[in-house]
Amino acid sequence: MSFGGKLLKLSHDSPITKTKMNVNIYLPKQYFGSTTTETKIPVLLYLAGLTCDPNNGSEKAFFQPYADEYGFAVVYPDTSPRGVGNPGEDDSWEFGTAAGFYVDAEKEPWSNNYKMYSYILKDLLPSVGKAYTKLDLSRVSVTGHSMGGYGALMFFLKNPGFFKSCSAFAPICNPSEVPWGHTNFGGYLGDDKSKWLEYDPVHLIKKYDGPKSTILYHVGTKDGFEVNQRQLRPETLVEASKGTVLDGYVEYKSVKDFDHSYYFVSSFAGEHSAHHAKYLGLTSSKL
Ligand SMILES: N[C@@H](CCC(=O)N[C@@H](CSC=O)C(=O)NCC(=O)O)C(=O)O
């Protein structure tokens with residue numbers, strides 16, 4: 001049990017990564033009441049950052065009370081395949097294990113298993129829908145932290161209309177232009193930068209032609225990865241949105257004194273939950 005619902009710690013064999021993949025799923029209290037086709041439970045996908053597994057979000061982001069309040073489930077995937085034996089996979093916390101960067105790798109040997117983009121869209125979400133029939137996989141929103149915040153922006157913008165809403169905590173907004181992006185896009189996709197742009201939110205927002213759904217993200221003024229290394233570049237997405245379908249729909253909030261940690265994530269989980277609840281049709285608030 002966790003709050004009013006249940007946190008499931010699961011693993012499944014993925015035909016896409018060709019590995020066992022771990023995932024946590026929070027089923028809110030409403031899941032255990034009577035649901036009809038009309039009242040099936042929508043899903044919030046939570047993508048975690050570098051070094052994380054499914055437990056970081058489910059233990060420290062505290063979405064569960066809000067999931068119970070509004071009536072959505074939360075899916076917490078892992079951040080990479082594990083233990084595939086690629087040379088160097090455990091050499092650095094910024095690449096390889098727990099750093100799948102939500103892309104489909106094209107460079108060998110990573111291309112054999114590191115297919116996190118397809119894994120999440122084509123395996124995990126459909127499998128969750130099949131296994132938990134009271135969940136409504138036609139109503140999914142996405143959020144995430146840091147690498148996972150970039151993942152949330154990227155999945156939302158690359159798949160117009162698939163996700164009802166998007167939010168992010170300290171996202172890497174313009175990965176093609178920052179050290180984490182260079183390491184991971186270079187390592188998984190190779191040197192051709194046109195391939196990097198296919199996953200870069202700043203590039204994707206210019207092509208987005210889906211519904212006008214506000215993208216909400218927070219970054220702390222004491223986030224060391226931004227202050228010291230400029231890994232996040234939060235202003236770039238607002239700038240890139242100008243003149244696009246989402247002009248006026250990118251809501252970046254700089255929050256005084258917060259850092260990059262899960263104390264920061266959990267402090268704004270309520271605001272992000274309310275944002276998604278609105279787009280998932282769980283509140284009467286106007287869009
Ligand atoms: N070990 C690293 C710090 C790694 C770190 O801070 N990871 C963040 C995500 S960073 C971008 O994706 C994180 O979420 N960590 C897990 C947690 O529970 O806080 C170092 O030595 O600096």
Side-chain angles (χ1 to χ4, degrees), residues 2 7 9 22-24 26 44-64 74-82 88-103 105 110 114 116-117 119-120 142-156 166-189 196 199-202 217-234 236-237 252 255 257-269 272:
S2 173
L7 182 71
K9 297 197 171 192
N22 299 322
V23 58
N24 290 356
Y26 182 70
L44 179 64
L45 176 67
Y46 177 86
L47 303 176
L50 297 164
T51 71
C52 291
D53 63 25
N55 293 328
N56 295 72
S58 57
E59 289 177 359
K60 299 201 286 189
F62 293 107
F63 276 103
Q64 293 95 317
V74 191
V75 174
Y76 304 91
D78 208 345
T79 52
S80 78
R82 287 176 190 264
E89 71 186 8
D90 294 320
D91 287 359
S92 160
W93 63 269
E94 293 168 301
F95 181 73
T97 302
F101 230 69
Y102 302 107
V103 300
W110 307 98
Y114 276 63
M116 290 302 290
Y117 179 80
Y119 163 68
I120 284 170
V142 63
T143 187
H145 171 228
S146 197
M147 172 182 73
Y150 137 73
L153 298 172
M154 180 273 289
F155 273 111
F156 176 81
C166 174
S167 75
F169 304 85
I172 308 163
C173 289
N174 192 191
S176 300
E177 300 296 335
V178 305
W180 277 336
H182 288 179
T183 301
N184 286 283
F185 284 162
Y188 298 132
L189 303 175
W196 302 12
Y199 291 99
D200 189 323
V202 160
Y217 59 101
H218 288 74
V219 181
T221 59
K222 292 199 175 149
D223 186 316
F225 291 119
E226 173 57 12
V227 174
N228 304 323
Q229 302 174 18
R230 294 284 282 136
Q231 297 274 17
L232 311 179
R233 302 203 183 184
T236 57
L237 194 66
Y252 158 42
V255 281
D257 289 348
F258 282 91
D259 63 13
H260 196 77
S261 72
Y262 270 85
Y263 295 110
F264 155 69
V265 176
S266 55
S267 298
F268 297 98
H272 286 230

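Start at 1 and go down the list; that is how both ligands and their atoms are numbered.
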(request) Would you name the heavy atoms of Y46 and V265 that are closest together and state the gap between them? (result)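 Smallest heavy-atom distance, with atoms named: OH-CG1, 4.1 Å.
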In ligand 1, which numbered atoms sit nearer than 4.0 Å to a non-hydrogen atom of [X]?
X: M147; result: 11 (C), 12 (O)
X: C52; result: 13 (C), 14 (O), 15 (N), 16 (C)
X: G49; result: 12 (O)
X: W180; result: 10 (S), 11 (C)
X: Y262; result: 14 (O), 17 (C), 18 (O), 19 (O)
X: H145; result: 14 (O)

Among protein heavy atoms, which lies nearest [atom], and at what distance?
atom: atom 15 (N) of ligand 1; value: T51 OG1, 3.5 Å
atom: atom 6 (O) of ligand 1; value: F225 CE1, 3.6 Å
atom: atom 21 (O) of ligand 1; value: W93 NE1, 3.9 Å
atom: atom 18 (O) of ligand 1; value: K60 NZ, 2.6 Å
atom: atom 8 (C) of ligand 1; value: L50 O, 3.6 Å

(message) Determine whether a donor-acceptor pair (N or O, by modelled atom type, separation under 3.5 Å) exists between the side chain of H182 and the backbone of S176.
(response)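 Yes.
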Would [X] count as a polar contact of ligand 1, with the cut-off being nitrogen or oxygen pairs under 3.5 Å?
X: H260; value: no
X: S146; value: yes
X: G148; value: no

(message) For H145, run the ring pair (Phe, Tyr, Trp, His ring centres under 6.0 Å) check against F169, Y263, Y262 and tell me which one passes.
(response)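 Going through F169, Y263, Y262 one by one, the ring pair (Phe, Tyr, Trp, His ring centres under 6.0 Å) with H145 is satisfied by Y262 alone.
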(message) By the definition ring pair (Phe, Tyr, Trp, His ring centres under 6.0 Å), identify the one residue from F101, F185, F95 that meets it with W110.
(response)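 For W110, the ring pair (Phe, Tyr, Trp, His ring centres under 6.0 Å) check succeeds only for F95.
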(request) Please determine which of Q229, Q231, H260 meets the side chain to side chain donor-acceptor pair (under 3.5 Å) test together with D223. (result)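 Only one of Q229, Q231, H260 forms a side chain to side chain donor-acceptor pair (under 3.5 Å) with D223, namely H260.
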(message) In the structure I gave you, are the side-chain heavy atoms of F225 and I172 within less than 4.5 Å of one another anywhere?
(response)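 No, their side chains stay 4.5 Å or more apart.
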(message) So Y150 and Y199, do their side chains get closer than 4.5 Å, heavy atoms only?
(response)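 They are in contact (side-chain heavy atoms under 4.5 Å apart), so the answer is yes.
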(request) Begin from the C-alpha positions of D257 and K222 and carry the test salt bridge (charged side-chain N to carboxylate O under 4.0 Å, His left out) through to its verdict. (result) CA-CA 5 Å; D257 289 348; K222 292 199 175 149; 3.3 Å; yes
(message) Hydrogens and angles aside, do T143 and S167 bring a side-chain donor and acceptor to less than 3.5 Å of each other?
(response)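 Yes, because at least one side-chain N or O of T143 sits under 3.5 Å from a partner of the opposite role on S167.
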